[in-house]
Amino acid sequence: MPSADPLQEIEDLREQLDAWNHQYYVLDDPSVPDVEYDRSMLRLQQLEQQYPQFQRPDSPSQRVGATPLQQFSQVSHEVPMLSLENAFNQDDMLNFNRRLLDRLGDGAASLEFACEPKLDGIAVSLLYRDGVLERGATRGDGSTGEDITHNVRTIRSIPLRLRGEGIPHLLEVRGEIYMPKAGFEQLNNRARERGEKTFVNPRNAAAGSLRQLDARVTAERPLEMCCYSVGLVEGGTLPDRQASMLQRLSEWGFRINPESAVVQGIEGCNAYYDELALRRNSLAYDIDGIVFKVNEFALQERLGFVSRAPRWAIARKFPAQEELTRLLDVEFQVGRTGAITPVARLEPVFVGGVTVSNATLHNSDEIDRLGIQIGDTVIVRRAGDVIPQIVTVVLEKRPDNTRVIRFPTQCPVCQSAIEREEGEAAWRCMGGLVCGAQQKAAIKHFVSRRAMDIDGLGDKLVEQLVEEGLVENVAGLYALTKEQLLNLERMGEKSADNLLAALQASKQTTLPRFIFALGIREVGEATALNLARHFGSWPELVSATEEQLLQVDDVGPVVADHLRQFFDSDASMAVVKALQDAGVSWPDIERLPQRDLPLAEQVWVVTGKLEALSRDEAKARLQSLGAKVAGSVSAKTTCVVAGPAAGSKLAKANELGVEVIDEESLLALLATHGVEL
Ligand code: IVH
């Protein structure tokens with residue numbers, strides 16, 4: 001479409017797109033639908049192509065350069081980029097305060113401090129000439145860095161052109177480029193799916209993304225920037241305090257950290273630290289501490305610098321979430337369904353607030369991916385509610401005598417063959433109920449509280465019963481005699497009577513509990529409940545075809561297949577018959593279609609630590625009310641239940657404006673719908 005006044009239209013489009021960008025990436029407050037944005041961008045690109053004389057480097061269409069660089073060139077920082085002194089505890093903070101007050105002399109009783117989260121990313125400098133981005137550079141060694149202009153231009157929270165009044169002729173703004181946790185997880189998940197190398201942590205991912213000669217790669221990475229100081233300023237003035245300076249930067253279009261605050265005295269600093277330490281894991285990005293700065297620039301000037309750090313600022317560090325330790329051994333555990341899981345035994349290490357001595361290695365692919373050997377030094381990471389993970393091997397520290405991890409070629413417990421189904425990550429023992437490990441696990445599951453709820457049958461006793469050959473499968477439990485029990489070590493008359501009574505009492509059960517107790521692969525509590533509600537009785541369920549099973553909510557082809565296999569197995573059905581012969585029974589239940597449940601069509605996510613329920617129990621309760629429970633938060637999420645120490649999922653929910661409730665509200669909701677705990 002020709003334009004009456006192309007230059008005017010181009011300028012209008014640029015202004016509009018800049019404003020939308022700013023709202024979306026700097027203020028986190030999107031104001032137009034994506035299609036609208038895309039339409040305007042397309043129109044601008046068309047016009048710029050048609051009228052090349054109107055092209056400009058600060059146009060919003062010019063973020064991603066098409067030709068990769070040959071190499072990075074060096075940039076020298078006219079005003080050096082300094083580092084910060086660290087504080088690790090309150091004493092360090094008190095000393096810092098005393099030094100400040102001593103230097104400033106009398107009259108200085110209590111100082112005003114600007115408090116800012118210390119983002120864990122890459123420090124960069126951005127140079128603007130007459131409000132237009134001219135150059136972006138890394139900190140490097142503080143005096144010389146690398147020119148990464150082509151890459152910083154791709155980051156949408158970095159303005160290409162500044163807005164507002166009073167912009168200095170030359171303005172160098174400094175800050176941190178980082179990758180939010182949610183984006184980091186997505187990036188790594190995608191890499192894992194493609195069998196590519198993953199990044200150790202968000203900081204490394206940000207660094208790797210900026211060290212790209214091809215800006216098209218950087219443009220694909222979820223990077224953001226928060227600004228925290230200025231370097232060179234010419235032909236203009238700035239406010240006289242750190243906090244008001246940040247405010248001014250924000251007016252000019254930069255993103256600043258919304259958690260920043262001004263406090264009085266070192267007590268204020270400590271309170272700020274304590275408060276943010278509690279919320280650290282629920283922020284959308286990693287922080288490794290808090291930076292405290294004397295707020296008044298005039299006082300900063302009087303305090304000056306020591307070597308490469310200012311006297312007027314300090315970084316109080318949080319306890320580390322990553323630590324080095326050593327892999328002592330790998331053990332292979334056989335689960336209820338025969339899946340073989342390698343478990344890393346680690347030299348105990350204090351990380352993320354707890355002592356960690358085990359970590360799962362998931363499966364054999366993970367061992368290959370990490371290239372890990374026994375005796376290796378590894379980095380363990382534990383952040384928030386995330387289970388400890390081995391993120392990488394430190395190859396430089398590999399001793400000569402490491403041992404290769406040999407994945408077993410047969411079941412480590414029963415020596416049966418192991419197999420891996422196509423498309424599955426786990427190797428499984430094919431021994432089924434011949435396998436002692438699977439026997440024990442199946443019985444432990446059967447007697448557990450949410451299944452048959454048999455009191456007095458702890459893990460140790462189950463292991464003893466299987467090892468002594470008294471019980472081979474769950475039906476065997478009901479054939480136990482008092483005499484057999486009394487022959488067991490540490491079993492008294494009273495315990496034996498109690499156990500027999502508990503076994504007797506468990507025979508009256510419910511259909512959902514019974515289905516769940518059988519331990520059919522992938523049939524959890526919620527699926528068991530759905531199956532029971534759908535079919536109403538055991539004979540109806542057992543005779544259901546695969547198609548009929550697929551009608552049940554939550555049952556996909558995989559689960560339907562596991563169910564059919566169980567019902568078609570003579571051995572499994574013999575156990576069921578033996579249970580019924582022993583007197584295990586349940587009433588039929590009323591059929592209830594899924595769509596009539598109170599939380600039908602809703603998607604819930606459960607994260608963090610819960611007190612009254614485990615996360616799995618909470619999940620099952622929600623599913624029993626018809627909700628879908630997802631593993632990650634998206635725009636489709638109805639509600640997130642967050643306990644203390646919730647991490648990136650809570651952050652994502654806050655980012656997307658999804659409703660978040662605590663455990664207490666969840667319990668209230670469950671009670672309203674008459675769900676038993
Ligand atoms: S001020 C002279 N403020 O911490 C002031 N630094 O150890 C120097 N950092 O290289 C920096 N957040 O990468 C400052 N709000 C913040 C910061 C921050 C993160 C990083 C920055 C710097 C390092 C200093």
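Remember, it's 1-based here, ligands and their atoms both numbered in the order they're listed.
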What do you reckon, are the aromatic ring centroids of Phe184 and Tyr178 less than 6.0 Å apart?
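Judged by ring-centre distance (under 6.0 Å), Phe184 and Tyr178 do not meet the cut-off.
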Is it the case that the ring center of Phe292 lies less than 6.0 angstrom away from the ring center of Phe113?
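Phe113 vs Phe292: aromatic centres not under 6.0 Å.
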Tell me the protein heavy atom at minimum distance from [atom], and give that distance in Å.
atom                    : answer
atom 2 (C) of ligand 1  : Pro310 CG, 3.4 Å
atom 20 (C) of ligand 1 : Glu176 OE1, 3.6 Å
atom 5 (C) of ligand 1  : Leu84 CD2, 4.0 Å
atom 3 (N) of ligand 1  : Lys293 NZ, 3.0 Å
atom 15 (N) of ligand 1 : Glu116 OE1, 2.8 Å
atom 22 (C) of ligand 1 : Tyr228 OH, 3.9 Å

Using a strict cut-off of 4.0 Å, indicate which atoms of ligand 1 neighbour a heavy atom of Leu119.
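Answer for ligand 1: 12 (N), 19 (C).
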At a 4.0 Å threshold, what atoms of ligand 1 neighbour a non-hydrogen atom of Leu82?
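So the answer, numbered in order with elements, is 2 (C), 8 (C).
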Residues [X], [Y]: salt bridge by 4.0 Å N-O rule:
X      : Y      : answer
Arg161 : Asp18  : yes
Lys118 : Glu116 : no
Glu112 : Arg241 : yes

What I want to check is whether the side chains of Thr138 and Glu146 have a donor and an acceptor closer together than 3.5 Å.
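Their side chains do not contain a donor-acceptor pair, so the 3.5 Å distance test is not met.
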Can Arg174 be said to touch ligand 1, with heavy atoms closer than 4.0 Å?
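Not so, Arg174 does not reach ligand 1.
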Classify the angle between the aromatic ring planes of Phe305 and Trp312 as parallel (below 30°), tilted (30 to 60°) or perpendicular (above 60°).
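It falls in the perpendicular class, over 60°.
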How does Pro117 reach ligand 1, by side chain, by backbone, by both or by neither, if only non-hydrogen atoms under 4.0 Å count?
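Contact part for Pro117 vs ligand 1: backbone (N, CA, C, O).
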So which bit of Arg139 gets within less than 4.0 Å of ligand 1, heavy atoms only: side chain, backbone, both or neither?
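It is the side chain that touches ligand 1; the backbone stays farther off.
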Indicate the atoms forming the closest heavy-atom contact of Arg311 with Leu303, along with that distance.
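Minimum heavy-atom separation between Arg311 and Leu303: NH1-O, 2.7 Å.
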